[in-house]
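Okay, so here's the structure we're looking at.
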Amino acid sequence: RSTAMRAVFAKENGDAEEAERRFDACLERHPGDFLVVKEAVEFFGQRGRPERSVEILRAALAEWPTAALFRRALAERLRERGEPAEAERTLREGTEMENPVLAVESWIDLGNHFHLLGEHAAAADALGRAVAIAGKQDPQLVFDYADALVMAGRYEEALELARGMAVSPHRDLVEGRVALQQGRPAEALEHFGSALRLWPDNHVARYYAALAAERS
């Protein structure tokens, strides 16, 4: 840690070469240290060396394969470099972990990855796997899955899932989204209005309510 702090001080003093030397030395000894990795990835990113940031994150993940934060950060940088297939492979490796909590987290990350690529059907499949492992105890996860089903055009599955939701604004949001997608804006507006009465600060419901109002 002291080496990492000296690297940070060198960076802040404008001595990039010394900072790089110190970061490299520290990473060689502590490849999976969160603080060291965080500061080093930020430093090399600012230096315009994304390939070095990827190397650092690969080493960190190899040292600490259960660290979802490292896996997520690595996938993000691979995606930014135009390597979505490699990012997907990295996230899928996490879904194979024996710990169900970690596997669920990786399935969620994979779903978010597909959403960012506009591949909503694949995102729905990934989130469905997360729900299959975790069950329906997490209302937000169930809602995210239903929302992905709507985005994928799988409306009947989304509505079936919505019917069992314990959080009524979630149910209204899903039913409203389906109604809007199917060309029933007045019905959608009723659902969004119901959601907003119980959840007035929900910006998603407000956005879709405005959209439904425009189309009514």
Residue pair V131 / D138, side-chain heavy-atom distance below 4.5 Å: no
Minimum-distance pair of heavy atoms, taken over all atoms of A152 and A124: CB-CB, 4.4 Å
Kindly work out whether a path of hydrophobic side-chain contacts (I/L/V/M/F/W/Y, heavy atoms less than 4.5 Å apart) joins L27 to V54. yes
Answer whether the closest heavy-atom distance between the side chains of V104 and I108 falls below 4.5 Å. yes
Quick one: does E175's side chain get under 4.5 Å of D172's, heavy atoms only? yes
The test is side chain to side chain contact (heavy atoms under 4.5 Å, CB included); show your working for E160 and E157 and say whether it passes. CA-CA 5 Å; E160 182 179 354; E157 292 174 72; 5.5 Å; no
Measuring from H191:NE2 to S168:OG, what's the distance to the nearest 0.5 Å? 12.5 Å
From OG1 (T66) to CG (L61), nearest 0.5 Å: 9.0 Å
Between R58 and E86, is there a salt bridge with N-O shorter than 4.0 Å? yes
Considering only heavy atoms from C-beta outward, does the side chain of R71 approach that of L57 to under 4.5 Å? no
Heavy-atom count check: over 12 atoms from other residues, nucleotides or ligands less than 6.0 Å from Q182 CD? yes
Which pair of heavy atoms, one from F44 and one from S53, lies closest together, and at what distance? CB-OG, 3.8 Å
Whether E55 and R52 form a salt bridge (side-chain N of Lys/Arg under 4.0 Å from carboxylate O of Asp/Glu) is what I want to check. yes
Is there a path of hydrophobic side-chain contacts, each under 4.5 Å between heavy atoms, that joins Y145 and V204? yes
Same cluster (ILVMFWY, side-chain, under 4.5 Å), L116 and L69: no
Salt bridge R154-D125, side-chain N to carboxylate O under 4.0 Å: yes
Roughly how far, to the nearest 0.5 Å, is CZ of F192 from CG of L211? 8.0 Å
Could you tell me whether the side chain of L180 reaches within less than 4.5 Å of the side chain of R177, counting heavy atoms only? no
Taking all non-hydrogen atoms of both residues into account, name the closest pair between A186 and S216 and its distance. N-OG, 3.7 Å
Any heavy-atom pair between the side chains of F34 and V37 that's under 4.5 Å? no
Taking atom CD1 of I133 and atom CG of L141, what is their separation to the nearest 0.5 Å? 10.0 Å
Non-hydrogen side-chain atoms of S106 and L91 separated by less than 4.5 Å: no
With hydrophobic residues grouped by side-chain heavy-atom distances under 4.5 Å, do W107 and L74 end up in a single group? no
Does anything in residues 95-111 pair up under salt bridge (charged side-chain N to carboxylate O under 4.0 Å, His left out), and if so which pairs, sequence neighbours excluded? R72-E105, R72-D109
Please lay out, stage by stage, how R77 and E83 fare under the test side chain to side chain contact (heavy atoms under 4.5 Å, CB included). CA-CA 9 Å; R77 279 155 183 79; E83 300 179 52; over 6 Å; no
Non-hydrogen side-chain atoms of V36 and R29 separated by less than 4.5 Å: no
Nearest 0.5 Å please: distance from the CG atom of L127 over to the CG atom of L110. 8.5 Å
Nearest-0.5 Å distance that lies between atom NZ in K38 and atom CG in D33: 12.0 Å
Working note: F143 + V174, criterion side chain to side chain contact (heavy atoms under 4.5 Å, CB included); need CA distance, chi angles, decisive distance, verdict. CA-CA 8 Å; F143 171 75; V174 173; 3.8 Å; yes
Taking the basic N atoms (NZ, or NE/NH1/NH2) and the acidic carboxylate oxygens, is any pair closer than 4.0 Å for E88 and R92? yes
In the single-linkage hydrophobic clustering (I, L, V, M, F, W, Y; side-chain heavy atoms under 4.5 Å), do F43 and V41 co-cluster? yes
Closest heavy-atom pair and its distance - M165, A146: CE-CB, 3.5 Å
Over all heavy atoms of both residues, which pair between A75 and A87 is shortest? Give the atoms and the distance, please. O-CB, 3.4 Å
Heavy atoms of L196 and N202 approach each other most closely as CD2-O, 3.8 Å
Is there a side chain to side chain contact (heavy atoms under 4.5 Å, CB included) between M151 and D147 once you walk through the steps? CA-CA 6 Å; M151 296 174 76; D147 193 50; 4.0 Å; yes
Between W199 and H170, how do the two ring planes meet: parallel, tilted or perpendicular, split at 30° and 60°? tilted
Parallel, tilted or perpendicular, as decided by the 30° and 60° cut-offs, for the rings of W64 and F70: perpendicular
Please check this pair: side chain of R206 against backbone of P200, looking for a donor-acceptor N/O pair closer than 3.5 Å. yes
